[in-house]
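Scroll down for the structure; my scribbles are underneath it.
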Amino acid sequence: MKSNTPRAYKGGRHPKADPAVHRYSISLTAEENARFLTLYEQSGMNVMAHFITACIFQKGIKTIKVDKTAMEYYVRLTSLFGQFRAVGVNYNQVVKMLNSNFSEKKALAYLYKLEKQTAELALLSQKIIQLTGEFEAKHLKENP
């Protein structure tokens with residue numbers, strides 16, 4: 001037996017409480033359109049309508065600027081850090097081998113040479129830290 005009461009769910013999308021039904025149209029020159037599209041891409045927003053609404057009501061548009069030079073520097077610095085770690089591991093292995101496989105006199109001579117190279121490596125490390133600080137101060141400071 002069928003009842004005459006309507007079904008609670010008819011299917012389809014539920015209606016919005018406050019639908020956006022007002023539409024506006026503007027015309028841009030080629031130069032203005034190029035500038036607009038550049039700002040839209042820099043904003044990182046996925047929906048152009050949201051970007052336009054943010055522009056109109058001055059909600060604050062975020063622009064994302066990727067500095068490829070800074071990114072390249074970061075990648076190289078990260079790989080350099082990995083190499084420094086590898087040098088530390090190798091350093092420990094060399095010291096163990098010198099102590100176990102060579103006479104005390106010969107091991108001390110090699111350790112002296114290793115110590116000189118380690119001092120040079122420490123100076124190089126300090127120079128890298130200094131250059132990184134200078135690079136960050138020049139190129140990675142945030143613009144308000």
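Keep in mind that this is a model prediction, so the values were computed, not measured.
The side chain to side chain donor-acceptor pair (under 3.5 Å) check on Arg76 picks up Glu72, with sequence neighbours excluded.
Of the possible donor and acceptor atoms, one in the side chain of Thr38 sits under 3.5 Å from a partner among the backbone N and O of Ala34.
The NZ atom of Lys113 lies 13.0 Å from the CG atom of Leu108; values are rounded to the nearest 0.5 Å. Atom NZ of Lys116 sits about 15.0 Å away from atom CG of Leu121, to the nearest 0.5 Å.
For the pair Leu114 and Thr118, the tightest heavy-atom approach, listed with the atom from each and the gap, is O-OG1, 2.7 Å. Across every non-hydrogen atom of Ser43 and Phe51, the tightest pair is OG-CD1, 3.6 Å. Taking each heavy atom of Met45 and His50 in turn, the nearest pair found is SD-C, 4.0 Å.
Both Val94 and Phe102 are part of a single hydrophobic cluster, where members link through side-chain heavy atoms under 4.5 Å apart. Linking ILVMFWY side-chain heavy atoms closer than 4.5 Å, directly or via other members, places Val47 and Ile52 in two distinct hydrophobic clusters. A chain of hydrophobic side-chain contacts below 4.5 Å, direct or via other Ile, Leu, Val, Met, Phe, Trp or Tyr residues, connects Leu37 to Leu39.
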The test is side chain to side chain contact (heavy atoms under 4.5 Å, CB included); show your working for Ile129 and Ser125 and say whether it passes.
CA-CA 6 Å; Ile129 291 169; Ser125 175; 4.2 Å; yes
Could you walk me through whether Met48 and Phe36 satisfy the side chain to side chain contact (heavy atoms under 4.5 Å, CB included) test, starting with their C-alpha distance in whole Å, then the side-chain angles of each, then the deciding distance to 0.1 Å, before giving a yes or no?
CA-CA 10 Å; Met48 192 178 290; Phe36 170 77; 3.7 Å; yes
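Under the 4.5 Å side-chain criterion, counting only non-hydrogen atoms from C-beta, Leu28 is in contact with Ile26. The shortest side-chain heavy-atom distance between Gln93 and Asn90 falls under the 4.5 Å cut-off.
Residue Glu134 qualifies as enclosed at atom CD: its count of foreign heavy atoms under 6.0 Å is above 12. Other residues, nucleotides and ligands place no more than 12 heavy atoms under 6.0 Å from the OH atom of Tyr110. Atom CG of Asn46 has 12 or fewer neighbouring heavy atoms from other residues, nucleotides or ligands inside a 6.0 Å radius.
Looking at Gln126 and Gln130, their side chains never bring a donor and an acceptor atom within 3.5 Å of each other.
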